[in-house]
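Below, each value reflects all heavy atoms present in this structure, side chains not excepted, and no hydrogens, waters or symmetry copies. Note on naming: letters A, B, ... go to the chains in the order of the sequence lines (proteins, then strands), and numbering restarts at 1 for each one. Values in this document were obtained by computation on a predicted structure and should not be read as measured data.
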Number of protein chains: 2
Amino acid sequence: MPLKHGLLGLLNYQNTTGYELNKSFKESLNFFWKAQTSQIYRELSKMENEGWLVSERIVQHKRPNKKVYSITDSGKKELDNWLNTNESLEWITLRSEFLLKLFFSDEKSKQENIDYVKQYKSKCQEAMLSLEATGAIIAKHSEALGDPEKAFYWEQTAIFGYMYYEMCLKWADTVIMKMEEK
Amino acid sequence: MPLKHGLLGLLNYQNTTGYELNKSFKESLNFFWKAQTSQIYRELSKMENEGWLVSERIVQHKRPNKKVYSITDSGKKELDNWLNTNESLEWITLRSEFLLKLFFSDEKSKQENIDYVKQYKSKCQEAMLSLEATGAIIAKHSEALGDPEKAFYWEQTAIFGYMYYEMCLKWADTVIMKMEEK
DNA sequence: TGGGTCATGTAACCTGTTACATGATTAG
DNA sequence: CTAATCATGTAACAGGTTACATGACCCA
């Protein structure tokens, strides 16, 4: 249940609400793990039932009341456990509706398929840009923490993304070339 | 609902049973789209309710009876529609429990993390080998069909996989180097 | 002053995963 | 002869997606 553990990981840095977690999640983990807002709330209450978290309800005027979650010892143990056991870890997963369609695109015209792959390229370029923005966020965090090493692993994940999109673009170019030669 | 459409795509080649579809799926699409056996059966019956498929029950001795599905005109239309509209297509998705853990691995020892990434490398190498096997399957299919172009797009998806794993290995090597320098 | 967006979430539905059932047949 | 695998699936549950709710505040 990686989503739960991602949330535990964030809550291990600081106590916070579902709303804030949702934002942090989207700022940091979102590129390699997506989570819906509603999913985050649901997982949080489940984790509270498990005893991994406790919550405190804060009454607010002007804003809806909120629930601040904090991780318990049992939650820390669970997080630790997840980090340290790699049985049942899905090391590699690839899932692409884009490729699924391409697979079945034999009947479509050459030109349609070329356009399709070109559209893909432009999505990759967009994604790269947004990763560059993440790069800036990482740099800011590192500075704020005063320790450039603090964000080392975060940075490596962003680099992964960067290399991934580069590879996708390279692949797309060679496919387009081959299609044009057909 | 890409799984439904993947199944439609396969059924567009030939009428067959859930059992056989499951096998074809795993041989061809599995590398970029996973489906559980049970999921395939469920989707098939839903698609029959939608009118995209019809089925015929074949009574067997020695083997459990089976249901042979065939695609209807309405199913063909649906498939065509899916292939030709890219609104709502998820062009890029990346999801990696491996990276999620790495993100939170600051507290772990340098050596543990190096080992972790090395394990990842070996999974990538395995995956590459299994893609090479797929390459052989593709070649056989092409020959069987007599037309090397028939499997062109299939081949391109396999090449994508190949380049992907290459990239992963390259990334892993640079990360390991950086970790060793820490 | 009317339409977004912020700050909180909840409900319903659809998809994916895990576990199980059963009677041949094949492998060791 | 016994255990695994084949050839069919079904059931239950967990995870992911889409749609909606509400009362402030901010912008044009």
Let me know the distance between CD of E43(B) and C1' of dT15(C), rounded to the nearest Å. 7 Å

From CG of N30(B) over to P of dT17(C), roughly how many Å is that when rounded to an integer? 11 Å

Can you work out whether T37(A) or Y41(B) has the more 5'-proximal nearest nucleotide on DNA chain D? Y41(B)

Is the ring centre of F160(B) less than 6.0 Å from the ring centre of F31(B)? no

With a 6.0 Å cut-off on ring centres, are W52(A) and Y69(A) close enough? no

Could K66(A) and Y19(A) be counted as a cation-pi pair, given that NZ or CZ must be under 6.0 Å from the ring centre and within 45° of the axis? no

Is the distance between the ring centroids of F98(B) and Y120(B) less than 6.0 Å? yes

Would you please say whether a donor-acceptor pair under 3.5 Å links the side chains of Q125(A) and Y165(A)? no

Rounded to whole Å, please give me the gap between CD in E90(B) and C1' in dT15(C). 13 Å

Work out how much the helix from dT1(C)-dA28(D) to dG28(C)-dC1(D) bends between its end axes, five pairs an end, to the nearest 10 degrees. 40°

With heavy atoms under 4.0 Å as the rule, sort K34(A) into base, sugar-phosphate or nothing. nothing

Whole angstroms only, please: what is the CD-C1' distance between Q60(B) and dT25(C)? 14 Å

Consider only side-chain N and O atoms of Y41(A) and N22(A), and report whether a donor and an acceptor are under 3.5 Å apart. no

In whole Å, I'd like the distance from the CD atom of Q39(A) to the P atom of dA12(C). 18 Å

Comparing T17(B) and L3(A) on DNA chain D - which has the more 5′ nearest nucleotide: T17(B)

What pair of heavy atoms forms the shortest contact from G18(B) to I40(B), and how long is it? O-CG2, 4.2 Å

Rounded to whole Å, please give me the gap between CE in M1(B) and P in dG16(C). 12 Å

Length of the NZ-C1' vector between K26(B) and dG16(C), whole Å: 12 Å

Taking 5' to 3' order, which nucleotide of DNA chain D is first and which is last to have an atom within less than 4.0 Å of a heavy atom in chain B? dC6(D) to dG16(D)

Hey, are W91(A) and E126(B) close enough side-chain-wise for a donor-acceptor pair under 3.5 Å? no

Besides V68(A), the hydrophobic cluster formed by Ile, Leu, Val, Met, Phe, Trp and Tyr side chains linked at under 4.5 Å, directly or via other members, contains I58(A)

How many Å lie between CZ on R95(A) and C1' on dT17(C), as a whole number? 12 Å

Residue closer to the 5' end of DNA chain C, R42(A) versus K66(A) (nearest nucleotide): K66(A)

